[in-house]
Number of protein chains: 2
Amino acid sequence: MARLPRYLQALIAAGDVDQTTISSQGLARGAGVNSAIVRKDLSHLGALGRRGVGYDVAGLVDEISTVLGLSTERAVVIVGLGNLGRALAAYDGFHRRGFRIVALLDADPAKIGTEVGDLRIESADDLEDIVADRGAQIAVLATPAPHAQDAADRLVAAGVRAILNFAPVHLDGPDHVSIRRVDLSTELQILSFYEQLQAGTGGGDAVAGG
Amino acid sequence: MARLPRYLQALIAAGDVDQTTISSQGLARGAGVNSAIVRKDLSHLGALGRRGVGYDVAGLVDEISTVLGLSTERAVVIVGLGNLGRALAAYDGFHRRGFRIVALLDADPAKIGTEVGDLRIESADDLEDIVADRGAQIAVLATPAPHAQDAADRLVAAGVRAILNFAPVHLDGPDHVSIRRVDLSTELQILSFYEQLQAGTGGGDAVAGG
DNA sequence: CTTTGTGAAATCCTTCACAGCG
DNA sequence: CGCTGTGAAGGATTTCACAAAG
């Protein structure tokens, strides 16, 4: 259910505006999807809405948070402190949503010992010990592409169960480890494709950008 | 065709290793997908493979680059120079793939005039003029969430035809503008969900992470 | 004997439309 | 009435399986 986080965002926005109840259509607008799909998704979590009224905002926030496993804090390790890694380390969105960064690892001796935010960069040589000691469950991978698979293998062996990969390569891993990928230049390339399409038409035709 | 950039990456990796030809299965491994789907995707671009041999690496790179519109340089403007925006501005992956950053815009007077890489941050007040003058076709949005929709509206009005949105909100826009979203905390939340699932099982069951 | 290109089957996901509850 | 919950319909995408080509 990749849409739950979207709903959560829309719900929090609604709560900020002191809305106590929200309809599937209101949620759909906030999340940028169809209202039928909102109802179907939410009915999957149990019958949480009241007919004729809508969904209780606070109740749904709790329910979705629980389902997503956000009720307990998750320990995150960031591997690779280049431009992107550093920005991620400084990004407060993680902290705000219950993710605690427990370590920053890099292989470059020049970086080791320097501080980012209030954490010190440590040596990637000690990856296994650090992951185990601090109970890191999730890793954010922002190394150069050639080192990503190796780093991933070590993270998996050390007990990490989920990896968010920013390196522009496909990573292989065992089935019990979830690997997601975010690739900035891939996203831009997809946009480039659509942009080109638009340049062709007069700009009138519909192309879902989604 | 959201998979073409992946194929491109796998092809470039194959070329780096002096491979002159590649099978659908080899490409599939590199891109992390099924080989049948590779063949179907590529057959859609025309018959480019040779039976019994595979696909010509250099030829395919050219073909996919053309389809994605990467053969001409695209002008990109980055709006919002916080941690993430700055990292994106410094990210060389864009440049390497034919995207040229033509402007950096921010609303914060303290940031205006400072340099990031070899570009100076300019005032968001001049957004319309700057986008028009420099022919920016694609915008990267990394503003705080509350300003994202407003910035998007102005970008669209100024003639931008594609937006890559890093702000954690859904953006509305006309059909002729493609809007894609990358949300880091959403990604982490999805991982959190899978992580939780894994913690429940002994770690043996299969859960696709992709 | 290898590997593409592609109909057909299977699967997944979305939308429609409406019964039923409040 | 308004709005949820959901079967059924419709679309889209993925996988299978194999004929044809080199």
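None of the values given here were measured: they were computed from a predicted structure. Quick note on labels: first sequence line is chain A, next is B, and so on, each numbered from 1.
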If I take atom [atom1] in residue [X] and atom [atom2] in nucleotide [N], what distance separates them, rounded to the nearest angstrom?
X        : N       : atom1 : atom2 : result
Leu60(B) : dT4(C)  : CG    : C1'   : 12 Å
Ile37(B) : dA17(D) : CD1   : P     : 16 Å
Met1(A)  : dT14(C) : CE    : C1'   : 12 Å
Arg50(B) : dC1(C)  : CZ    : C1'   : 16 Å
Asn34(B) : dG5(C)  : CG    : P     : 15 Å
Asp41(B) : dT15(D) : CG    : P     : 11 Å
Gln25(A) : dG2(D)  : CD    : C1'   : 11 Å
Arg51(B) : dC18(D) : CZ    : P     : 16 Å

If you pin Gly54(A) and Val33(B) to their nearest nucleotides in DNA chain D, which one's is more 5'? Gly54(A)
Salt bridge flag under 4.0 Å for residues Glu128(B) and Arg134(B): no
Confirm from the modelled atom types if Lys40(A) and dT15(C) form a donor-acceptor pair under 3.5 Å, side chain to base only. yes
Distance test, side-chain N/O of [X] to OP1/OP2 of [N], below 4.0 Å:
X        : N       : answer
Tyr55(A) : dG5(D)  : yes
Arg39(B) : dC16(D) : no
Ser24(A) : dC3(D)  : no

Describe the nucleic acid contact of Leu48(A) in one word from base, sugar-phosphate, nothing, applying a heavy-atom distance below 4.0 Å. sugar-phosphate
Distance-minimising heavy-atom pair for Leu155(B) and Ala139(B): CD1-CB, 3.7 Å
Quick one: closest heavy-atom pair of Ile78(B) and Leu88(B), and the distance? CD1-C, 4.1 Å
Does any non-hydrogen side-chain atom of Val160(B) lie less than 4.5 Å from one of Gln137(B)? no
Nearest-nucleotide pick for Ala36(A), side chain only, options being dT15(C), dG5(C), dA17(D): dT15(C)
Please report the C-alpha distance between Gln9(A) and Asp183(B) in whole Å, then the side-chain angles of each, then the deciding distance to 0.1 Å, and finally whether the side chain to side chain donor-acceptor pair (under 3.5 Å) criterion is met. CA-CA 11 Å; Gln9(A) 256 157 16; Asp183(B) 184 349; 2.8 Å; yes
